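For clarity, every value in this text was computed on a predicted model and none was experimentally measured. When reading the values below, keep in mind they use all heavy atoms of this one structure, side chains included, and skip hydrogens, waters and symmetry mates.
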Amino acid sequence: MSTARLASIERTCKVLTAAQVEAFNRKGYHFPVRVISEAEAGACRKEIETYELDHGLIMKTPYRNKPHMVFKWANQLIRHPRILDTVEDILGPDLLVWGSSLFIKEPNDPAFISWHQDSTYWGLSHPDIVTAWVALSVSDIPNGAMRVVPGTHLKDQLPHKDTFAENNLLTRGQEVAVEVQADDAVDLTLRPGEMSLHHVRIVHGSEPNRAHYRRLGFAIRYVPTYVRQTEGPRDYATLVRGKDDYHHFAYEPEPRIDLGTEEVAAHKRITEEANKILYRGTDKVKG
């Protein structure tokens, strides 16, 4: 376990208790944390669905990844004080958002997420990385809530294989190439406006949505400023709290308007650079 995470237990916590931070370090996850109201979550969902009326399902567009670069609601959410206070309890006060992604499953949708570790293809230098998964709708067992296998983040990086399976929501359809003790998995069920936190190396996945209602989640990837990219010459992030004494990442521009010309152009340029890292070693060029 890194000294950075051990030190977090000694800091004065803002949201989590010292016992909850210790449990996160031991188990690799924590839930639920109320971060916005159900009404606020509904407003975010309405923004997504308003976009979809004119453009189709957002999961089939480039804006499912790094939506915080083109939508003001998403940019505000990655900076929400309640989210940042909670993540700071684990990672410390100097925080970057390295990425964000929408994970939406339609009713009776075969889409799923295979057992995997987030860290496999990200190319980041340290495992001190936390994903905040914010529920914009109910996330329950029928509609395919995230499942985690406690303690697997302590196993270091596991081997994975790429499947590029049609209904897999992951970049490369990657799945761990070792047996997963699925009987030990915990379902991270959430109400709208609640979030879960999980460690970058915990083995996790989710089942298809077998319900008659959508599941909408917004995953935000937080990293301390000392983390750097090791697999590419240039990478981008957004400073959301504290100071950056390292400057390992170029900064992403904050959107002034939704889907503005400059915002769309910057999103295209930066996500294309990110995809070179995520798809390295394959013949894929975009997600």
Side-chain angles (χ1 to χ4, degrees), residues 4-45 67-68 73-104 113 118 127-141 143-153 185-206 215-224 238 240-242:
R5 280 178 285 152
L6 282 174
S8 68
I9 301 174
E10 300 171 3
R11 287 193 299 268
T12 300
C13 292
K14 295 183 174 181
V15 176
L16 303 178
T17 66
Q20 288 172 330
V21 173
E22 189 280 329
F24 177 90
N25 290 336
R26 177 168 39 85
K27 298 190 297 183
Y29 70 94
H30 177 76
F31 85 111
V33 179
R34 169 64 61 184
V35 290
I36 56 176
S37 68
E38 292 204 11
E40 289 170 315
C44 293
R45 175 174 177 165
H68 66 271
W73 69 265
N75 197 273
Q76 291 167 0
L77 195 52
I78 69 171
R79 303 169 187 272
H80 195 286
R82 177 75 172 178
I83 299 176
L84 296 181
D85 284 349
T86 310
V87 174
E88 180 179 334
D89 286 344
I90 297 172
L91 293 180
D94 302 322
L95 297 170
L96 295 161
V97 168
W98 176 74
S100 69
S101 298
L102 290 165
F103 286 95
I104 301 176
I113 297 175
D118 286 336
D128 302 335
I129 303 164
V130 169
T131 293
W133 202 98
V134 183
L136 303 182
S137 71
V138 66
S139 182
D140 56 20
I141 294 173
N143 73 1
M146 188 194 311
R147 311 184 74 208
V148 300
V149 183
T152 47
H153 66 302
V186 175
D187 296 291
L188 305 189
T189 57
L190 300 168
R191 296 293 305 165
E194 292 180 338
M195 75 171 179
S196 62
L197 302 173
H198 68 266
H199 187 278
V200 71
R201 282 187 175 160
I202 197 169
V203 173
H204 63 292
S206 65
R215 190 205 71 161
L216 294 89
F218 183 43
I220 312 168
R221 323 296 192 176
Y222 290 98
V223 304
T238 294
V240 290
R241 174 161 288 186

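Here the CZ atom belonging to Arg82 is positioned 12.0 Å from the NZ atom belonging to Lys14, to the nearest 0.5 angstrom. Atom OG of residue Ser139 and atom CZ of residue Phe31 lie 10.0 Å apart, to the nearest 0.5 angstrom. In this structure, Ser100 OG and Tyr222 OH are separated by 9.0 Å, a value rounded to the nearest 0.5 Å. Atom CD of residue Glu88 and atom OG1 of residue Thr12 lie 10.5 Å apart, to the nearest 0.5 angstrom. Rounding to the nearest 0.5 Å gives a distance of 9.5 Å between CD1 of Ile83 and CD1 of Ile78. Atom CG in Leu136 sits 5.5 Å away from atom CH2 in Trp73 (nearest 0.5 Å).
For the residue pair Ile202 and Val149, the shortest heavy atom distance occurs at CG1-O, 3.4 Å. Nearest heavy-atom pair, Asp140 versus Thr189, reported as atom, atom and distance to 0.1 Å: CA-CG2, 4.0 Å. Heavy-atom minimum distance, Ala41 versus Gly193: CB-N, 3.5 Å.
Listed for the Asn75 side chain is a donor-acceptor partner under 3.5 Å among the backbone atoms of His68. In this structure a side-chain-to-backbone donor-acceptor pair under 3.5 Å is missing from Arg201 to Val203. With hydrogens and angles disregarded, no donor-acceptor distance shorter than 3.5 Å links the side chain of Ser101 to the backbone of Ala219. A donor-acceptor pair under 3.5 Å is formed between the side chain of His199 and the backbone N or O of Pro127. The backbone N or O of Asn25 sits less than 3.5 Å from a side-chain atom of His153, completing a donor-acceptor pair. Using modelled atom types, no side-chain atom of Asp89 and backbone atom of Cys13 make a donor-acceptor pair closer than 3.5 Å.
Pro32 places none of its side-chain heavy atoms less than 4.5 Å from the side chain of Arg191. Contact check for Leu216 versus Leu102: no side-chain heavy atoms found under the 4.5 Å cut-off. Residues Asp85 and Arg241 are in side-chain contact: their nearest non-hydrogen atoms beyond the backbone lie under 4.5 Å apart. Residues Phe218 and Met195 are not in side-chain contact: their nearest non-hydrogen atoms beyond the backbone lie 4.5 Å or more apart.
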task: For side chain to side chain contact (heavy atoms under 4.5 Å, CB included), just list the numbers for Val186 and Arg147, CA-CA rounded to whole Å, side-chain angles, deciding distance to a tenth of an Å, and then say yes or no.
output: CA-CA 5 Å; Val186 175; Arg147 311 184 74 208; over 6 Å; no
- prompt: Between Leu188 and Trp133, is a side chain to side chain contact (heavy atoms under 4.5 Å, CB included) present by the stated rule, with each step listed?
  reply: CA-CA 10 Å; Leu188 305 189; Trp133 202 98; over 6 Å; no
query: Can you check side chain to side chain contact (heavy atoms under 4.5 Å, CB included) on Ile220 and Val87, steps first, answer last?
result: CA-CA 11 Å; Ile220 312 168; Val87 174; over 6 Å; no
query: So Leu190 and Met146, side chain to side chain contact (heavy atoms under 4.5 Å, CB included) or not? Walk me through it.
result: CA-CA 9 Å; Leu190 300 168; Met146 188 194 311; over 6 Å; no
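Arg221 and Thr131 are linked by a side-chain donor-acceptor pair at a separation below 3.5 angstrom, with hydrogens and angles left out of the test.
For Tyr29, there are no ring pair (Phe, Tyr, Trp, His ring centres under 6.0 Å) partners two or more places apart in sequence or in a different chain. By the ring pair (Phe, Tyr, Trp, His ring centres under 6.0 Å) test, His204 pairs with His116, His198, sequence neighbours left out. Not counting sequence neighbours, Gln76 has no partner by the side chain to side chain donor-acceptor pair (under 3.5 Å) test.
Screening Asp187, Asn143, Ile113, Val148 for a side-chain contact (heavy atoms from CB on, under 4.5 Å) involving Ser206 leaves a single residue, Ile113.
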